[in-house]
Amino acid sequence: MSGQLHALIVGVSEYPNLAAHDAIDPPPPHQLGLRRLTSAAMAAYRMFQWLHEHAASLPAPLGVCELLLSPSVLEPDAAGVAQRATMENFELAANTWREAARSHRDNIALFYFAGHGLIRNTTEKAQVLLLEEFGSKPHKILSSGVEMANVVNGMASLSELDPMARMQLYFIDACRSFPDTLTAYQEQQGSTIWDIPAVDPKVPYKDDRLAPVIYTAEPGATAFGVEGTGSVFGEALLASLDGGAGRYDEASQQWTVSLASLTQALPEQLAITNRKYDTQQMVRFSDIGPDALLRTLDQAPLVEVTITVEPVVSRPLTGVSVANADDVSVIEVAAPFPEMHRDHIAAGNYRVTAQGVKKYLTAQPPATPWRLQVQADG
């Protein structure tokens, strides 16, 4: 048996115990200032759909794909397609996912959570993921929250012979705020899903997983959603996987997306998505290890190319022509050249001709600026 990709995907928008997203009155203290969401379930559902639509290009066949969704009324496409993201359902789905991941060391385990999240202290790894029942218990505030560290630690291999998946990917599409209310308590802890076995000091063994965690936000920062559609992070992530993080692999002579290319390109792709929605979404990478293949692309990905011409006085007489390696024109901008021209072309090498200038330039995903210095006298 060869490895498979096993996924656990969770999206929570509808928190029945919280006020509506547009409510005016402040929530009670134990709800930590949080309200219902309108986009997280769709962000998770889009990831689920993407995996199935692109299964043929993944580095391993798609196996178990657990999906839990609690959609808002503004996310009808995510309604009724999965079990709700309750604590009970999460525990059942997580156990199914873990057992599937433990079937072969060449498996890939993927975890994606979209919904409310917070950090319960200033420790980097004190992330809590809030499930549907959050807000129901004033005297046990985080009982419906899952300790992210427990999820990651519970997926560790127990020995060199343990067939647990050695490649694991964690995407946390949630806020990482530290609510003031939590400072009033001696200790606040989310729920755990698994008991973590103690390490036997007499048996030297190092956890040899590749298990990067990619957070939507830095500690204290916010995650942004697009009402009824998904999240800014989710859209940028899928755009990166679709080719925004594409790199040409000389050995295989194919365009691929790898962990290294994703970590390099995702901030750039977020800048594009932020411009689209006028947001300021960030990304934070943790425990990034060696490179690993994430998918193979069937063609060169599209690149957002931004062309500017200098000096300004040359623009009225300047046109720009861009031709590909087959000498086929892909961009034609007649004079006068605007302040900026933005277009999308396939990644690769191009001949760019302007006022008295001929250059050979490369379009590299996800976005490439071309600044042309031309003759000012026409």
Side-chain angles (χ1 to χ4, degrees), residues 7-13 15 18 30-34 37 39-41 43-44 47 68 70 85-87 90-91 93-94 97-98 109-135 137 140-156 168-183 185 187-196 207 209-225 231-234 236-237 263 266 270 281-289:
L8 173 56
I9 300 173
V10 183
V12 194
S13 295
Y15 290 86
L18 301 184
H30 73 278
Q31 294 182 358
L32 307 179
L34 302 178
L37 300 174
S39 61
M47 172 58 76
L68 300 176
S70 294
T86 63
M87 180 64 72
F90 182 87
E91 186 169 352
W97 173 61
R98 184 168 73 159
L110 184 148
F111 178 84
Y112 182 97
F113 176 89
H116 274 311
L118 54 85
I119 51 175
R120 54 181 172 76
N121 57 45
T122 55
T123 302
E124 168 75 15
K125 298 190 177 182
Q127 175 86 40
V128 180
L129 312 177
L130 304 181
L131 296 172
E132 181 183 289
E133 301 98 324
F134 173 75
K137 296 183 178 181
K140 201 173 181 183
I141 297 174
L142 298 183
S143 60
S144 296
V146 175
E147 290 284 336
M148 182 59 201
N150 179 254
V151 174
V152 176
N153 293 338
M155 291 290 289
Q168 301 177 9
L169 305 168
Y170 297 89
F171 298 97
I172 311 304
D173 194 355
C175 295
R176 303 182 74 195
S177 57
F178 178 36
D180 292 339
T181 302
L182 295 183
T183 62
Y185 296 88
E187 183 178 1
Q188 277 291 332
Q189 194 93 16
S191 296
T192 57
I193 302 300
W194 300 308
D195 294 330
I196 309 299
D207 184 0
R209 291 175 296 165
L210 171 64
V213 184
I214 301 179
Y215 297 98
T216 305
E218 297 179 346
T222 299
F224 294 90
S231 68
V232 173
F233 173 82
L237 173 62
T263 56
L266 187 51
L270 270 171
Q281 187 64 73
M282 298 178 289
V283 62
R284 178 74 169 257
F285 302 101
S286 179
D287 301 319
I288 301 296

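These numbers come from a predicted model, not from an experiment. Here, residue 1 is the first one in the sequence, and each next residue gets the next number. Just the heavy atoms: all of them, side chains too, but no hydrogens, waters or symmetry mates, feed the values below.
The two residues G220 and I119 have their closest heavy-atom pair at N-CD1, 4.1 Å. Contact between G154 and W194 at its shortest, heavy atoms only, is CA-CE3, 3.5 Å. A pairwise comparison of heavy atoms in S39 and G225 identifies OG-CA, 3.3 Å as the closest pair. The two residues A94 and L8 come nearest to each other via the heavy atoms CA-CD2, 3.8 Å. Closest approach of A44 and I9 over heavy atoms only: O-CG2, 3.3 Å. Closest non-hydrogen pair, S143 versus S191, comes out as O-OG, 2.6 Å.
Here the CG-CZ distance, from L68 to F90, works out to 7.5 Å after rounding to the nearest 0.5 Å. Rounded to the nearest 0.5 Å, atoms CZ (R209) and CD (Q168) are 4.5 Å apart. Separation of atoms SG (C175) and OH (Y215) is listed at 14.0 Å; rounding is to 0.5 Å. To the nearest 0.5 Å, atom CE of residue M148 and atom CG of residue N150 are 10.0 Å apart. Of the inter-residue distances, the one linking T216 atom OG1 with R176 atom CZ reads 9.0 Å to the nearest 0.5 angstrom. Atom CG of L237 sits about 9.0 Å away from atom CG of L270, to the nearest 0.5 Å.
In this structure, V283 and I214 have side chains that are in contact, with non-hydrogen atoms separated by less than 4.5 Å. M87 has its side chain within reach of I193: a pair of non-hydrogen atoms, C-beta onward, lies under 4.5 Å apart. Residues L142 and K137 fail the side-chain proximity criterion, which asks for heavy atoms closer than 4.5 Å. Residues V12 and L130 are not in side-chain contact: their nearest non-hydrogen atoms beyond the backbone lie 4.5 Å or more apart. Looking only at side-chain heavy atoms (C-beta outward), V146 and F113 stay at 4.5 Å or farther from each other. Contact annotation: the side chain of Q189 approaches that of R120 to within less than 4.5 Å [non-hydrogen atoms, C-beta and beyond]. Using a 4.5 Å cut-off on side-chain heavy atoms (C-beta onward), L131 and V10 make contact. F233 has its side chain out of reach of M282: every pair of non-hydrogen atoms, C-beta onward, lies at least 4.5 Å apart.
When atom types are taken as modelled, the side chain of S231 and the backbone of A40 share no donor-acceptor pair closer than 3.5 angstrom. A donor-acceptor distance shorter than 3.5 angstrom exists from the side chain of E147 to the backbone of G190, with no hydrogens or angles considered.
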- Walk me through it: do L110 and F171 pass the test side chain to side chain contact (heavy atoms under 4.5 Å, CB included)? CA-CA 8 Å; L110 184 148; F171 298 97; 4.2 Å; yes

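In this pair, W97 and Y170 present their aromatic rings perpendicular. The plane angle is above 60°, beyond the 30 to 60° band.
The aromatic ring centroids of F134 and H116 lie 6.0 Å or more from each other.
With 3.5 Å as the limit, one finds a donor-acceptor pair spanning the side chains of E132 and S70.
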